[in-house]
Every structure is written in C-alpha cells, then in structure tokens.
Amino acid sequence: MRFPMIKRILAIEVKEYIGKEVLLQGWVHRIRQLGQVSFIILRDRSGIVQTVAEEGVVAFPGLSNESIVIIRGKVSADARAPGGVEVRVRDIDILSQALDTPPIEINKKIDLLKTNLDTLLTFRAVCLRNPDILSIFKVQAELIRAFRQFLIQENFTEIHTPKIVATGTEGGAELFSVRYFEQNVYLAQSPQFYKQIMVGSGLERVFEVGHAYRAEDHNTTRHLNEYVSLDLEMGFIENEQDVIELQKKLIQFMFTEVSSNCAAELKLYKVKTPQFKDIPQLTLIEAKEILRSKCNKDLKEAPDLDPEGERLLCQYIKKNTGEGLVYITSYPISKRPFYTMPREDNPEVSRSFDLLYDGEEITTGGQRIHNYGQLIKKMKEAGLNEKDFDFYLQAFKYGMPPHGGLAIGTERITKQLLGLGNIREASLFPRDRTRVAP
RNA sequence: GGGGCUGUGGUCGAGCGGUUUAAGAUUCCUGACUGUCGAUCAGGAGGUCGCGGGUUCAAAUCCCGUCAGCCCCGCCA
C-alpha cells in the first residue's frame, strides 16, 4: 500500500475536500486524452468524479477503461469541471488491470446503448457495471427496503418460509420437481400456506421477501420462472377491503421513498412515481363494461381481463381520473385458488382482487377462508387430498382468525415504474424458459 | 402448449439473387490538440454474413433442416 496515511473518500464526497489532498479508489470509467492534459473519470459506488492528469496518461502505463485504480491528488474547484470540482492527479496505482476491452460499452448512457437484451444478459457481469443498468437495481432495492420498513412500522413480523416443499399451493401442475435424497419434492410457487399458518401462530401480521418458482411454459416480457415475491398476510380483518386499504398506504409509502431516495435514477429513466390520491376500484364486471362501451373491446363471458384489456383499461382510467393504478375486484370464485373467500351474498364471487399498474398486473390478493370445514370442502372440490395438507389444515382446525393478504411481484413493479420493455431487465440474473445462466 | 419474426466485425445495424473489394455508427489502436464532459480531427485494425445441406452460371440474399434469440397469446406476480 503506497498511501497508508490517507483514508479513502468516495466520488460523491470530493466536493467537501476542496484544497485538500485525497485518495480515491474505483474503476476507470473513461479516459479523455487531449494533448498534454488528460481527464480520467473515476467511478465508485457513489458515482463518478473527474480527475485531471496534467502530464497526460502516458505517465501511467497500463491505464485503461475498467482497470481498478487508486488515485491520489488535490481537490480543486474549477468551473470547467462537471459539478465544479475535480481532482488534480498526483499519482495513480493500478490495483487490478482490465486485460481486454469490455464486450459492451460500460460508460454509455442508457439511451445511447443500443445493445440487445440477449447480449446484455450474456455479458451480465460486465453490463451491470453500466451505471444506468445498475440503477435499476438500486431502485428495486429501495422498493424492497420501503416495503419492509412500512410493514415493520405497521407491526408486521418478517418471516422466512421454506422453498423446498412436499406439495404445491394449487395441486402441482406448475411446480418444479426436485430430487431430494430418496424422495421427490417441489420448489415453492408461493409462501401462501406458510404465511397463513404464521397468521394463526399468533404473529397475526407477517411478511416475506422471497423467491417463488413457476414451472409455466410462458415466454413473455412479463414472466419469469423464478421471481422475488413481496408477500404479506394479516389477521383480524373485516374483509378484503382491509387488505386493500393497507396496500394503498404501503404502495404510497414505497413510491414516496423511491421518489425521494432514487430521484437521480428515476430521472435517468425519465419516469415519475404515480402521485395517486386514491386508487380506484372496479369490479370485474364493471371493468369489462368499460372496455365494452368505452374501449370497443368485448370480453363477453371471459372470467378475467386479457393483457390488451388490462392495457386499455389502465389507459382509460388514467385519462379519466389521472390514476396510474386500479384495483379489479370480485373475480369469479372459479378462477381463484380453493382458499379464496367467497362473498356471503354471492358464493360465485370471490373476495379477491388484482392491482393493475400502467396496464400490467402487479398484485393479487384477497381474503382467505378461515373456517376449517369450509376449507376442507373447497379443497376436495379442487380435487386435492386433504391428507397432503395436514400441516396447513392444523392451523385452521384449532381456530384461525379472519385473514387475508397479497403478493407484489418485485420485478413487475420495478419494470412498470421504470417503464422497462422486458421483465428480464428488472432481474439481476433472470431465469426464463431457456436461460439458467448466468 | 399455440402463433409470428430475427440471426451480418466486440457492440448496434444497412444490404435481401449479380459493379458489394459486405454501407454506416460505435468500441478499440496510432497520431494531432492544455479544458474535455456523447470531445473533435486524421489514419488504422476488426466479418469464412449462426451452423449443415440444397437450388443457381452466380447465395449474406432463395429453399430445406438445425441451433440460438426476440415478440404475441394462454397462464400468472
């Protein structure tokens, strides 16, 4: 170590050290060489800062983009520098040299970077260095952090439930099968049963940030076979409206936090968080009627909206109310899992809901059945064997409060917020129909 | 699972039977420039046009197969 006396500072802190000697460590983001003066742009976790080498870069053989360096120099205020401050290079040490030119352009702005998604994913480790691409995951981390903070404030307890399970939530068709010593097990498609059990355990209010696995043969811009689910479940509710009310506050909090803590990242993607007053609610029947009468789309007897219907409906709602989100409620019970609570006044209609955000579903939730006998009956009707679900049914047999919950798709809300074209962009290392590496 | 489409230097792409020695942009290398900030200017490097077969006097271009990828639908977070 050549400069043991000086502590490292970050790029963002340079402006606080005008006139002082500093030590920076980071990546060579870009070199601009002009005759006898060279600009070396340094990148670290806090951002980028300009350094100036008066004698040119020839004094530092081996210096190239992406090499890891230690730069020592004096901070000077200069109106010509970006941000009005720069570091006058005294010395550079190369900690780790980049041996080759990166396959994609790391220092390019996102709107100038024309690289295809497939290439970006193939060179994922390299392309994540691009600050604009990396900022997607700063926003995502903030969404998750805010989700966690809000729920903790609301007295929820964070739980971690198994992803290796013996049975699925709905039966087994969309589950990945895994060899587990001498038996066959599955990857959990949802923490549904476990979070309900934990409501019954006495925690009342629980949440989980965890992976969910879907062995569905889909290949679209909004599906992953492994995704991060933001789940919550709460006891002692009146009905699904209590869950919706909580989620409205939750979503508002998440967006407010991202808006203030990720302002630069949102600006980069030219987006703003939705500034909703109140998220409107439509029953499925009302939604279909709007589509039929206002959007010239007749879904007839369809038990759900199709993707085009979701897009058109959101456009209509935005035009007429300014809201970017909309709840769809009262789905037919036949379209929902067996544990979904039916309405007392109409057992064909469920107390479940979806939340659409700019034309795409980001949440499904609802009230669940808490009556043991009713649950068994529904389970049998769904063709499931109650013996396989004894671990789950125990929670109900000995008394279960009325409860409900929901799940938010992390990659989906990230994609919708940033206006990304493909959900794979919102996953660090996406798992889709064919991609299992990197 | 069904349907549509695309594979051309590191990256992005034009060309879609014959003056094509495969355009252009960007990256990279060399040179010029003491204030760049998508630097600029000059020069240079980099491609058996995904792979295999076929049609033709002639194939990046047409046909078949194959592999890879993208998009839409069903389903869902």
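Lettering of chains follows the sequences in order, A, B, ..., and the numbering in each one begins at 1. All heavy atoms count here, side chains included; hydrogens, waters and symmetry mates do not.
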Query raised in the report: Looking at the side chain of A/P307, which of B/C73, B/A77, B/C33 is the nearest nucleotide?
Result: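 For the A/P307 side chain, the nearest candidate turns out to be B/C73.
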Requested in this report: Ignoring the backbone of A/T101, work out which of B/G69, B/C28, B/U11 is nearest its side chain.
Outcome: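 Between B/G69, B/C28, B/U11, the one nearest the side chain of A/T101 would be B/C28.
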Report task. Please round to the nearest 0.5 Å and tell me the distance separating atom CD of A/E142 and atom CG of A/N261. Result ->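 One gets 4.5 Å once the value is rounded to the nearest 0.5 Å.
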Query raised in the report: Going by the side-chain hydrogen bond (donor to acceptor under 3.5 Å, both in side chains) test, which pairs reach into residues 130-141 of chain A, not counting sequence neighbours?
Result: A/Q140-A/T414
If you go through the side-chain atoms of [X], does one of them form a donor-acceptor pair with the base of [N] closer than 3.5 Å?
{"X": "A/H218", "N": "B/C75", "answer": "no"}
{"X": "A/Q50", "N": "B/U36", "answer": "yes"}
{"X": "A/R88", "N": "B/G35", "answer": "yes"}

Would you mind reading off the distance between [X] atom [atom1] and [N] atom [atom2], rounded to a whole angstrom?
{"X": "A/L113", "N": "B/C12", "atom1": "CG", "atom2": "P", "result": "9 Å"}
{"X": "A/E105", "N": "B/G13", "atom1": "CD", "atom2": "C1'", "result": "13 Å"}
{"X": "A/E54", "N": "B/C33", "atom1": "CD", "atom2": "P", "result": "16 Å"}
{"X": "A/I423", "N": "B/C76", "atom1": "CD1", "atom2": "P", "result": "15 Å"}
{"X": "A/H29", "N": "B/U36", "atom1": "NE2", "atom2": "C1'", "result": "14 Å"}

Report task. Assess the side chains of A/S64 and A/S67: does a donor N or O sit below 3.5 Å from an acceptor N or O? Result ->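 A/S67 and A/S64 do have a side-chain donor-acceptor pair below 3.5 Å.
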Report task. Fit a plane to each ring of A/F255 and A/F276, take the angle between them on a 0 to 90° scale, and name the class: parallel (under 30°), tilted (30 to 60°) or perpendicular (over 60°). Result -> perpendicular
Name the nucleic acid region contacted by [X], choosing base, sugar-phosphate or nothing; use a 4.0 angstrom heavy-atom cut-off, strictly under.
{"X": "A/N422", "answer": "sugar-phosphate"}
{"X": "A/K415", "answer": "nothing"}
{"X": "A/T410", "answer": "nothing"}

Requested in this report: Using the six-membered ring for Trp and the full ring for Phe, Tyr or His, decide whether A/F39 stacks on the six-membered base ring of B/G35 (centres under 5.5 Å, planes under 30°).
Outcome: no
